[in-house]
Amino acid sequence: MALRLFNTASQQLEDFTPLNPPTVRMYTCGPTVYNYVHIGNFRTFAFQDILRRWLAYRGYHLDHVMNITDVEDKIIRGAMAENKSLREYTQQYEDAFLEDSATLRLQKPERIARATEHIDEMVEAIQALTEGGHTYVSEGSIYFRIATFPRYGRLSRLHVEGMQAGARVDMDEYEKDDARDFVLWKAQRDGEPGWDTPLGPGRPGWHIECSTMANKYLGDTLDIHTGGIDLTFPHHENEIAQAECISHKQFVRYWLHAEHLIVEGQKMSKSLGNFYTLRDVLQRGYSPEAIRYRLTAVPYRNKLNFTFADLDAAETAIDRLRNFALRLETGKFKEGKCPEVEARIARARTEFETDMDDDLNTAGALGAIFEYVRETNAAMDSGEFCAGNVEDAKALLSAFDRIFDVLTPTPREGSLSDAEVDALIAERQRARMERNFKRSDEIRDELAAQGIILEDTRDGIRWKRK
RNA sequence: GGCGCGGUAGCCAAGUGGUAAGGCAGAGGUCUGCAAAACCUUUAUUCGCCGGUUCAAUUCCGGCCCGCGCCUCCA
């Protein structure tokens, strides 16, 4: 069965085939680094990570570019307020973003591109648009004239002709001929950082960076372009206009948009006090894996209601999977191979893959995995599961973890080493043999205080870190 | 108003024209020196409401109610 993805452009599920297999050329809209990235942003980035990993699972070779928007109004305001250079100001947040992404185990795109390092290319793009008659100048700034691109609005299905100049306050504070037009190049104003270019002193508009960098690194036509659903309009619409007016080719073949995350049923906003960065959530003691699990367990086209109760549930759900993995490692099973068990594992894998192929139905895929875990646990309890089934069982679990990546606990600093734990356990076992339960319970409590949980199972003692 | 999404057990959530996956929580059980941990079993006569199509609808169609997003800051 082929991978099917929901294309915003067609509003339909489509079979996915890249233009030049096995390479998939993908561009994702990255963060604007004017602050710490919040968990809503990470919902989208986590989706992109799942997409990446599933494409790789399906044998595709990724050529993925993500941008870092490091010049923009809010950045300029922040940098000027702190009396820092643009670079000084953005570097701290870019570093934090990369660190947070690593914490959430988001795979790095093949290339991360900063807007400020592509000014020349953007200038060239704007010049090309000007040559094509798509621009005009107003008060030194250069605008894209939407009237020159008849297909404008097709992606978002918005009736742009209904938007009239003056219908709303012009947030850009610049004069435009038509409210629908958008800025390509902003003229420099007093004290603001800028670049001296053939276009005059100034800085690029937001939209031009993405289409320019995407085309530079991935060619005229990309296979996939993704971002949050709010970027559909106007950002992606504008990217299409820019790119296609220059290349006269289709800019993107598959547009994928992630729905938003809401918090406790409400839109996340600073005024409601439900605005969280990843760091905020980690400080409450939640593991990165639980956050990653929660962010990816709900299929990307559904709204994700982020609650702390659900994070607790995620921690427990991950424990269940880890316990199963531990049982596969440490369990003692009779020799041979049970064909029924083998068949069930194969069926579970098919279900897992079918769900993932179905527009990345992560909830369904997780369902298949948990069902497999329960069935296999039961087979182990009944003695039906054999040593010869271990390899298949492990293979499926690791296939799952290649995508979800939650099984390995994030190490904690300052905890006991494995050897120290083993030594204490051995001492406890001696105490138990001597029926010195006082001492054995002491050791158990001591380990528990260090986050080490002992399990006395029928196959012997085993332990894990909490 | 325009465009779009959703309403499935206490919570999260998948799903199909033939009678409801999975996770968490709850209940029961197994194991154990006691525990803990773990594992197993169990929990929706029902899928927002009302009509219609059909032998059969949660799943298709129409209407209604409710919640939400976007409509040039925004993942």
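Below, all heavy atoms of this structure are taken into account, side chains as well, without hydrogens, waters or symmetry copies. In what follows, chains carry the letters A, B, and so on, assigned in the order in which the sequence lines appear, proteins first and then strands, with residues in each chain numbered from 1.
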If you look at every strand shown and take non-hydrogen atoms under 4.0 Å, does [X] touch a base, only sugar-phosphate, or nothing?
X       : answer
V298(A) : sugar-phosphate
R428(A) : base
P299(A) : sugar-phosphate
F437(A) : base
G40(A)  : base
H38(A)  : base
G228(A) : sugar-phosphate
T232(A) : nothing
L326(A) : nothing
A309(A) : nothing

Over how many whole Å does the gap from [X] atom [atom1] to [N] atom [atom2] extend?
X       : N      : atom1 : atom2 : answer
L261(A) : C70(B) : CG    : C1'   : 17 Å
R462(A) : A36(B) : CZ    : C1'   : 13 Å
L295(A) : A13(B) : CG    : P     : 13 Å
L311(A) : A13(B) : CG    : C1'   : 15 Å
I453(A) : A35(B) : CD1   : C1'   : 13 Å
L256(A) : G4(B)  : CG    : P     : 18 Å
Y300(A) : C12(B) : OH    : P     : 23 Å
F352(A) : A21(B) : CZ    : C1'   : 15 Å

inquiry  = On the six-membered ring of F308(A), is R284(A) placed so that its NZ or CZ lies under 6.0 angstrom from the centre and within 45° of the ring axis?
reply    = yes
key: Charged tip of R301(A) within 45° of F6(A) ring normal and under 6.0 Å   =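 Relative to the ring axis of F6(A), which defines the angle, R301(A) lies inside both limits.
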Is [X] near enough to [N] that one of its side-chain N or O atoms lies under 4.0 angstrom from OP1 or OP2?
X       : N      : answer
K438(A) : A35(B) : no
N238(A) : U72(B) : no
R301(A) : G6(B)  : no
N302(A) : C12(B) : no
R320(A) : G23(B) : yes
N361(A) : A14(B) : no

Side chain of [X]: nearest nucleotide among [options]?
X       : options                : result
R444(A) : C34(B), G22(B), U72(B) : C34(B)
A363(A) : A38(B), C5(B), A13(B)  : A13(B)
E72(A)  : C73(B), C12(B), G22(B) : C73(B)
R374(A) : A25(B), G22(B), A75(B) : G22(B)
N323(A) : G69(B), C39(B), C74(B) : C39(B)
D381(A) : A75(B), C39(B), G4(B)  : C39(B)
K267(A) : A75(B), A37(B), C74(B) : C74(B)
D441(A) : G33(B), G4(B), G23(B)  : G33(B)
K74(A)  : G4(B), C73(B), C74(B)  : C73(B)
F233(A) : C71(B), A75(B), A38(B) : C71(B)

key: F42(A) over A75(B), stacked by centroid distance under 5.5 Å, angle under 30°   = no
query = Can H260(A) be called stacked on G69(B) when the rule is centres closer than 5.5 Å and an angle between planes below 30°?
reply = no
message = Checking side-chain polar atoms at under 3.5 Å, does N67(A) have a donor or acceptor matched by the opposite partner on E209(A)?
response =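 Short answer, yes.
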Span that lies between the [atom1] atom of [M] and that of [N], in whole angstrom:
N      : M      : atom1 : answer
U8(B)  : G52(B) : C1'   : 23 Å
G2(B)  : U42(B) : C1'   : 49 Å
G23(B) : G62(B) : C1'   : 36 Å
C47(B) : U19(B) : C1'   : 12 Å
C34(B) : A25(B) : C1'   : 26 Å
U58(B) : C74(B) : C1'   : 36 Å
A20(B) : A44(B) : C1'   : 8 Å

Taking NZ, NE, NH1 and NH2 as the nitrogens, is one of them in [X] or [Y] under 4.0 Å from a carboxylate oxygen of the other?
X       : Y       : answer
D319(A) : K464(A) : no
D381(A) : R327(A) : yes
E384(A) : R344(A) : yes
K186(A) : E192(A) : no
K394(A) : E329(A) : yes

query = Should G6(B) form a Watson-Crick or G-U wobble pair with both distances under 3.5 Å, which nucleotide is its partner?
reply =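 Pairing partner, where one exists within any strand: C66(B).
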ask   = If pairing requires Watson-Crick or G-U wobble contacts with both distances under 3.5 Å, which nucleotide is the partner of A20(B)?
value =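 By the stated definition (distances under 3.5 Å), nothing pairs with A20(B).
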inquiry  = Taking CZ in R154(A) as the centre, count heavy atoms belonging to other residues, nucleotides or ligands within less than 6.0 Å. Is the count above 12?
reply    = no
